[in-house]
Amino acid sequence: MSRAWVLGVLVGVGALTVAAAAYQGQAQGPKVVEVVKLKDNLYMLTGGGGNTAVFVGSTGVVVVDTKNPGWGQPILDKIKELTDKPVTTIVNTHTHGDHVSGNVEFPATVDIVVQENTKANMDKMASPPGFPAASGPTIFQQNPGKGMPKRTFKDKMTIGKGADEVDLYYFGRGHTNGDAFVVFPALRFAHAGDIFAGKALPLLDTNNGGSGVEIGNTLAKAHAGIKNVDSVITGHSTVMTWADLAEYAQFNKDFLADVQAGVKAGKTPDDIAATWKINEKYKGYTIQDARLKLNVAAVAGELKK
Ligand SMILES: [Zn+2]
């Protein structure tokens, strides 16, 4: 299996199997990018992997996440319908192939910015647990000089000024160890990538530094530390509210507490998963059995360390 799997589709559409999700990413049919207009100069582009944000500034366009292999040009084509301005910057929220692979199809002049751990992860492009191990050269090794980050940040970086300002934040481990929150302060909007892929159990990519013990805290820190945001573009679902992000932080903290209690009671991860029930205060969440087992095992494994 190639590296073109579609991680987040599993999150967004719980019923899809791994094979079906991967097929969707690699289908030979037309690559259809759908546009959701969020503000006069902010769009969400869906299809082909993670949600892409297109932020049109006064002199250029900032793109957040670039989908699966082969979807970079369809993104560029769609942007041309929205604005005459050139793409100047790509921000990738994290390392996964359904968020970074389109990078290689953008002009080599485009600045590419990621959190520093994500750059290290993009050197390897390791698959998450539960997915076939990646083999062969990465998409960046196949396209020398294209698509890899040119600049990194550790905790915070600001790009542009005034109405053009884009703020990048890192609050700790979660989906991976390099999940960036991308904020458009003038629009009171953020893009959270897959640390908030949607209202579902998160993919805990422990092969890329992810942590089920930390994810709830990291989300809570983001919610507390980022001010004046109303709406958040999720990794793979619809736009959510900032209050939804707080709820999702608590959902992950509750999950950790449930696994901790089970481990303390001497239960095996399989027992914990078999009896775990989502608290009914969490409405509209998708709980996928395979993901539940993986996440209980991941958290239990971390707690043992
Ligand atoms: Zn991801």
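FYI, side chains are in, hydrogens and waters are out, and symmetry mates aren't considered; it's all heavy atoms of this structure.
A salt bridge (Lys or Arg N to Asp or Glu O under 4.0 Å) check over residues 295-305, counting only residues at least two apart or in different chains, returns nothing. Residue pairs meeting the ring pair (Phe, Tyr, Trp, His ring centres under 6.0 Å) criterion with at least one member in residues 196-218, sequence neighbours excluded: F196-Y248. Residue pairs meeting the side chain to side chain donor-acceptor pair (under 3.5 Å) criterion with at least one member in residues 47-63, sequence neighbours excluded: T52-K67, S58-D164. Annotation: ring pair (Phe, Tyr, Trp, His ring centres under 6.0 Å) contacts involving residues 261-289, sequence neighbours excluded, comprise F251-Y282, F251-Y285, F255-W276, Y282-Y285.
Using a 4.5 Å heavy-atom threshold, the side chains of K199 and E247 count as touching. Side-chain contact between F140 and K146 is absent, with no heavy-atom pair separated by less than 4.5 Å. Residues V182 and F55 form no side-chain contact, since every pair of their non-hydrogen atoms from C-beta on lies 4.5 Å or further apart. Residues Q142 and P137 form a side-chain contact, since some pair of their non-hydrogen atoms from C-beta on lies under 4.5 Å apart.
Under the ring pair (Phe, Tyr, Trp, His ring centres under 6.0 Å) criterion, Y169 pairs with F171, not counting sequence neighbours. For L294, there are no side-chain contact (heavy atoms from CB on, under 4.5 Å) partners at least two apart in sequence or on another chain. Under the side-chain contact (heavy atoms from CB on, under 4.5 Å) criterion, T241 pairs with A243, D244, sequence neighbours left out. Listed by chain and number, the residues in a side-chain contact (heavy atoms from CB on, under 4.5 Å) with E214 are R173, S211, N217, T218 (sequence neighbours excluded). Shown here are the side chain to side chain donor-acceptor pair (under 3.5 Å) partners of T95, two or more places apart in sequence or in another chain: there are none. Partners of D289 by side chain to side chain donor-acceptor pair (under 3.5 Å), not counting sequence neighbours: none found.
Connectivity analysis of hydrophobic side chains (ILVMFWY, heavy atoms under 4.5 Å, direct or indirect) links V32 to nothing; its cluster partners are none.
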Taking distance alone, no hydrogens or angles, what donor-acceptor pairs closer than 3.5 Å link side-chain atoms of residues 154-163 to residues at least two apart or in another chain?
residue : atom : partner : partner atom : Å
T158    : OG1  : D167    : OD1          : 2.9

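When each of T176, D194, D179, T118 is paired with H94, the side chain to side chain donor-acceptor pair (under 3.5 Å) condition holds for D194 and for no other.
Salt bridge present: K281 and D254 bring a charged side-chain N and a carboxylate O closer than 4.0 Å.
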- request: Starting from the C-alpha separation in whole Å, work towards a yes-or-no answer on side chain to side chain contact (heavy atoms under 4.5 Å, CB included) for D230 and W242.
  value: CA-CA 5 Å; D230 300 322; W242 203 234; 5.8 Å; no

- prompt: Is there a side chain to side chain contact (heavy atoms under 4.5 Å, CB included) between L187 and N41 once you walk through the steps?
  reply: CA-CA 9 Å; L187 305 180; N41 63 333; 3.5 Å; yes

